[in-house]
Amino acid sequence: MDARIDYFGNALAGKVMKHLNSTGAAVQAVLPVATQELVKIRASQINGCGFCTDMHTKDATAAGEDQQRLNLVAVWREATVFTDAERAALELTEQGTRIADNADGVSDEAWANAAKHYDEDQLAALISLIAVINAYNRINVINRQPAGAYKPGMFG
């Protein structure tokens with residue numbers, strides 16, 4: 001499988017990625033690394049983005065994440081390995097990614113649950129992170145960016 005265009009080598013795409021990357025960097029100090037990676041993995045799974053699923057599972061592993069937890073991200077509701085805060089972030093991620101599945105978008109219950117575990121800056125970071133990973137997912141899915149070749153640290 002080949003990408004439709006060399007998105008990572010395209011000058012215009014590079015400008016777009018620079019802005020998306022700076023948005024992603026703004027939330028890094030606000031949320032735990034594990035939570036960030038779990039959010040990115042779950043949204044990427046939902047969106048069918050193989051490239052991002054590969055990237056973020058490898059980044060999470062490189063950051064010391066447990067393989068069992070990574071294996072259970074897709075079934076987090078039935079898994080006992082996530083904290084209540086992580087579960088709230090995963091629920092917010094799912095609802096924020098699947099906004100077309102619910103006429104109200106993100107439920108008040110999911111929001112209230114997240115607000116029990118995260119302060120306002122962390123909630124802003126979660127909203128931003130969910131939006132940014134969804135943008136990356138769409139770029140990669142549209143471009144049919146193949147998964148498997150990513151190495152942690154490959155992009156900086």
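Residue numbers count from 1 along this sequence. Small disclaimer: the values here were computed from a predicted structure and weren't measured.
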Within a reach of under 6.0 Å around [atom1] of [X], are more than 12 heavy atoms found that belong to other residues, nucleotides or ligands?
X: D2; atom1: CG; result: no
X: I99; atom1: CD1; result: no
X: E120; atom1: CD; result: no

Could you tell me if [Y] and [X] have a donor-acceptor pair between their side chains, going purely by distance under 3.5 Å?
X: N21; Y: Y136; value: yes
X: N134; Y: R138; value: yes
X: N71; Y: Q67; value: yes

With ring pair (Phe, Tyr, Trp, His ring centres under 6.0 Å) as the rule and sequence neighbours excluded, what pairs involving residues 45-97 come up?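 Listed by first then second residue: F8-F51.
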
As a quick check of understanding, evaluate side-chain hydrogen bond (donor to acceptor under 3.5 Å, both in side chains) for Y150 and D59, giving each step before the final call. CA-CA 9 Å; Y150 175 78; D59 284 348; 2.7 Å; yes

For N102 and D104, indicate whether the former's side chain and the latter's backbone hold a donor-acceptor pair under 3.5 Å.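 It does hold such a pair.
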
Tell me if a side-chain donor or acceptor on S128 pairs with a main-chain N or O of A124 at a distance below 3.5 Å.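 Present.
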
So, for [X] and [Y], which heavy atoms are closest and what is the spacing to 0.1 Å?
X: Q95; Y: G105; answer: OE1-O, 4.1 Å
X: R69; Y: V81; answer: NH1-O, 2.7 Å
X: A149; Y: D54; answer: N-OD2, 3.9 Å
X: V39; Y: L90; answer: N-CD2, 4.5 Å
X: N113; Y: A88; answer: ND2-CB, 3.6 Å
X: T53; Y: S44; answer: OG1-CB, 3.3 Å

ILVMFWY cluster, [X] and [Y] together (side-chain gap under 4.5 Å):
X: M17; Y: M55; value: yes
X: V27; Y: V106; value: yes
X: V30; Y: L123; value: no
X: L12; Y: I142; value: no

Kindly compute the distance separating [atom1] ([X]) from [atom2] ([Y]), expressed to the nearest 0.5 Å.
X: Q36; Y: L31; atom1: CD; atom2: CG; answer: 5.5 Å
X: H117; Y: D84; atom1: NE2; atom2: CG; answer: 5.0 Å
X: I139; Y: L20; atom1: CD1; atom2: CG; answer: 5.0 Å
X: I127; Y: T93; atom1: CD1; atom2: OG1; answer: 11.0 Å
X: I41; Y: K58; atom1: CD1; atom2: NZ; answer: 12.0 Å
X: N143; Y: N10; atom1: CG; atom2: CG; answer: 9.5 Å

Answer yes or no: is there an ion pair linking E91 with R87, defined by an N-O contact shorter than 4.0 Å?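 No, no charged N to carboxylate O under 4.0 Å.
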
Strictly below 4.0 Å, N to O, side chains only: are E94 and R77 in salt-bridge contact?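 Looking at E94 and R77, the cut-off is met.
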
Between H19 and T23, is any pair of side-chain heavy atoms under 4.5 Å apart?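 The answer is no; the side chains never approach within 4.5 Å.
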
Does any non-hydrogen side-chain atom of Y7 lie less than 4.5 Å from one of V16?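 Side chain of V16 against side chain of Y7, heavy atoms only: contact under 4.5 Å found.
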
